Protein chains: 2
Amino acid sequence: MADAVLGEFEQLVLIALIRLGHEAYGVTLCDEIAGRARRAVSLGAVYKTLDRLETKGLVASRLGEPTAERGGRRKKHFKVLAAGQRALKQSLTSLRRMTEGLESEIGL
Amino acid sequence: MADAVLGEFEQLVLIALIRLGHEAYGVTLCDEIAGRARRAVSLGAVYKTLDRLETKGLVASRLGEPTAERGGRRKKHFKVLAAGQRALKQSLTSLRRMTEGLESEIGL
DNA sequence: CTGCATATCTTCTCCATCGTCTAAGATATC
DNA sequence: GATATCTTAGACGATGGAGAAGATATGCAG
C-alpha cells in the first residue's frame with residue numbers, strides 16, 4: 001500500500017515524537033512542538049492527532065506506570081512505527097525536492 | 001495579524017508558484033507539484049487551494065489573453081503576495097527548527 | 001460562413017480527513 | 001474530599017481531494 005499523505009500538524013507530531021524518544025507523551029509533545037515550532041498548540045489537538053496516527057498504524061502507544069507525584073496519573077507513551085517513519089521521510093523528501101534551489105527566493 | 005497556518009498542500013502550491021514564476025497557472029502548477037513531489041495531484045485540488053489562498057490574501061490572480069492554439073482558452077495566472085511569502089517562510093522555518101539535527105534519525 | 005466537434009482551462013459540488021477548542025472524565029497525591 | 005495531572009470526548013470549521021459540469025477557444029465539415 002502507498003504511504004499515507006500526512007497533514008502539516010501530523011508531521012510536527014511525528015517529528016516531536018522522534019525528537020523526544022519513546023517515553024514521549026501528550027504534555028511533553030505539546031510543549032516540544034510549541035517551543036520548537038513557536039506556535040500555539042492545544043493539548044486536545046495533540047491527543048486527537050496521536051489518535052489518528054495510531055489508527056492509521058503510524059505510531060503505537062502503551063500505558064506507563066503512575067509516578068509518585070501529586071496528580072501523577074499514568075501516562076500514555078507513544079513511539080513511531082516503521083510505517084510512520086516511512087511516511088514522514090516521504091513527506092519531508094517531497095518538500096525538500098520542491099524547495100531545492102529556492103532557499104534565497106523564499107528567504108530561508 | 002498573525003500569519004496564517006498553512007496546510008501541507010497549501011505549502012506545496014505556494015512553493016510551486018514561486019518556482020514557476022508569475023506566469024504559472026492551474027495546469028502547469030499541477031504538473032510541477034506532481035513531478036517534483038512525486039505524488040498524484042488532481043487539478044480540482046490545485047484550483048481549490050489557489051482559491052483559498054487568494055481569499056486569504058496570500059496570492060493574487062489575473063486573467064491572461066487567449067493563446068492561438070486549439071482550445072487555447074484564457075489562463076488565470078497567479079503570483080505570491082508578500083503575506084504569502086511570509087506565511088510560507090514561517091511554515092518552513094518552523095519545520096526546519098523541528099527537524100534540526102534529526103536528519104539521520106529520519107533518514108534524509 | 002455557419003454550426004457542430006473537440007481541446008483547453010476553470011468552476012462547482014460533494015464528501016472525507018485534518019486541525020482546533022472546550023468541556024468532561026479518570027486517577028493519582030495531599 | 002480537594003486538587004493536580006493526564007486523557008478522552010464532542011462539536012465544528014478548515015483543508016484536502018475527485019470528478020462532473022461549465023466556459024471558451026480553435027478546427028473542420030457542409
Side-chain angles (χ1 to χ4, degrees), chain A residues 2-14 16 20 23-34 37 39-59 61-78 87 91 94, chain B residues 2-14 16 20 23-34 37 39-59 61-78 87 91 94:
Chain A
D3 283 338
V5 172
L6 297 175
E8 186 256 350
F9 196 63
E10 290 179 326
Q11 293 180 18
L12 296 186
V13 169
L14 280 175
L20 291 176
E23 295 308 310
Y25 71 101
V27 176
T28 51
L29 284 168
C30 188
D31 291 347
E32 176 76 8
I33 297 172
R39 59 183 261 188
V41 177
S42 82
L43 253 172
V46 173
Y47 281 114
K48 220 19 144 166
T49 301
L50 286 169
D51 263 5
R52 277 190 203 127
L53 291 174
E54 186 163 25
T55 298
K56 292 197 276 185
L58 303 185
V59 307
S61 67
R62 68 178 176 73
L63 287 175
E65 290 308 306
T67 57
E69 61 176 324
R70 184 99 148 103
R73 193 186 162 184
R74 323 181 74 177
K75 297 172 177 54
K76 197 174 182 181
H77 297 288
F78 291 87
S91 285
S94 285
Chain B
D3 283 338
V5 173
L6 298 175
E8 187 255 349
F9 196 63
E10 290 179 326
Q11 293 180 18
L12 297 186
V13 170
L14 280 175
L20 290 176
E23 296 309 310
Y25 70 103
V27 177
T28 50
L29 284 169
C30 188
D31 291 348
E32 177 76 8
I33 297 172
R39 58 183 260 188
V41 177
S42 82
L43 255 172
V46 173
Y47 281 113
K48 203 115 222 305
T49 301
L50 286 169
D51 264 5
R52 238 182 295 119
L53 291 174
E54 186 162 25
T55 299
K56 292 197 276 186
L58 303 186
V59 308
S61 67
R62 68 180 175 72
L63 286 176
E65 289 309 305
T67 57
E69 59 175 325
R70 186 96 149 100
R73 194 186 162 185
R74 325 180 72 180
K75 296 171 177 55
K76 195 173 181 182
H77 298 288
F78 290 86
S91 286
S94 285

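This is a predicted model, so every value here is computed, not measured. Sequence lines set the chain letters: A, B, ... in the order given, protein chains first and strands last, and positions in each chain run from 1. Scope of the values below: all heavy atoms of this structure, side chains included, with no hydrogens, waters or symmetry mates.
- Legend: residues meeting side chain to side chain donor-acceptor pair (under 3.5 Å) with B:Glu32, ordered by chain and number and at least two apart, are B:Arg36.
- Phosphate contact (OP1/OP2 of D:dT8, side-chain N/O of A:Lys76, threshold under 4.0 Å): present.
- Comment: B:Arg62 does not engage B:Glu54 in a salt bridge, judged by the lack of any side-chain N to carboxylate O separation of less than 4.0 angstrom.
- Nearest-nucleotide positions on DNA chain D place A:Gly26 closer to the 5' end than the other of A:Gly26 and B:Leu6.
- Residues A:Ala87 and A:Ala4 approach most closely at CB-O, 4.1 Å, considering heavy atoms.
- By the side chain to side chain donor-acceptor pair (under 3.5 Å) test, B:Ser42 is found to be paired with no residue, residues two or more places apart in sequence or in another chain being considered.
- In this structure, A:Leu53 places its CG atom 14 Å from P of C:dT17, rounding to the nearest Å.
- Straight-line distance from the NZ atom of A:Lys56 to the P atom of C:dT17: 9 Å, rounded to whole Å.
- C:dT20 atom C1' lies 17 Å from atom CG of A:Leu29, rounded to whole Å.
- Distance A:Arg52 CZ to C:dA16 C1': 11 Å, rounded to the nearest Å.
- Contact between A:Leu63 and A:Arg74 at its shortest, heavy atoms only, is CD1-NH1, 4.0 Å.
- In this structure the side chain of B:Val13 never reaches within 4.5 angstrom of the side chain of B:Phe78, judged on heavy atoms.
- Every residue two or more places apart in sequence or in another chain was checked for a side chain to side chain donor-acceptor pair (under 3.5 Å) with B:Arg70, and none qualifies.
- Counting only heavy atoms from C-beta on, A:Glu8 has its side chain closest to C:dG19 among C:dC18, C:dG19, D:dG16.
- Considering only residues two or more places apart in sequence or on other chains, B:Arg52 meets the side chain to side chain donor-acceptor pair (under 3.5 Å) condition with B:Glu10.
- The nearest whole Å value for the distance from the CZ atom in B:Phe9 to the P atom in C:dG19 is 15 Å.
- As rounded to whole Å, 11 Å separates atom P of D:dG16 from atom CD of A:Gln11.
- In this structure, B:Leu50 places its CG atom 15 Å from P of C:dC9, rounding to the nearest Å.
- In this structure, B:Glu54 atom CD and C:dT11 atom P are separated by 9 Å, rounded to whole Å.
- For the pair B:His77 and B:Val5, both in contact range of DNA chain C, the more 5′-proximal nearest nucleotide belongs to B:His77.
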For nucleotides 28-30 of chain C, print each protein N/O atom paired with a nucleotide N/O atom at under 3.5 Å, atom names and distance only.
from: C:dT29; atom 1: O2; to: A:Arg70; atom 2: NH1; distance (Å): 2.8

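- Nearest nucleotide to the side chain of A:Glu10, out of C:dG19, D:dT15, D:dG17: C:dG19.
- Side-chain contact check for B:Val41 versus B:Asp31: every heavy-atom pair is 4.5 Å or farther apart.
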For nucleotides 21-23 of chain C, tabulate all protein N/O to nucleotide N/O atom pairs closer than 3.5 Å, reporting atom names and distance.
from: C:dC21; atom 1: OP2; to: A:Ser42; atom 2: OG; distance (Å): 3.1

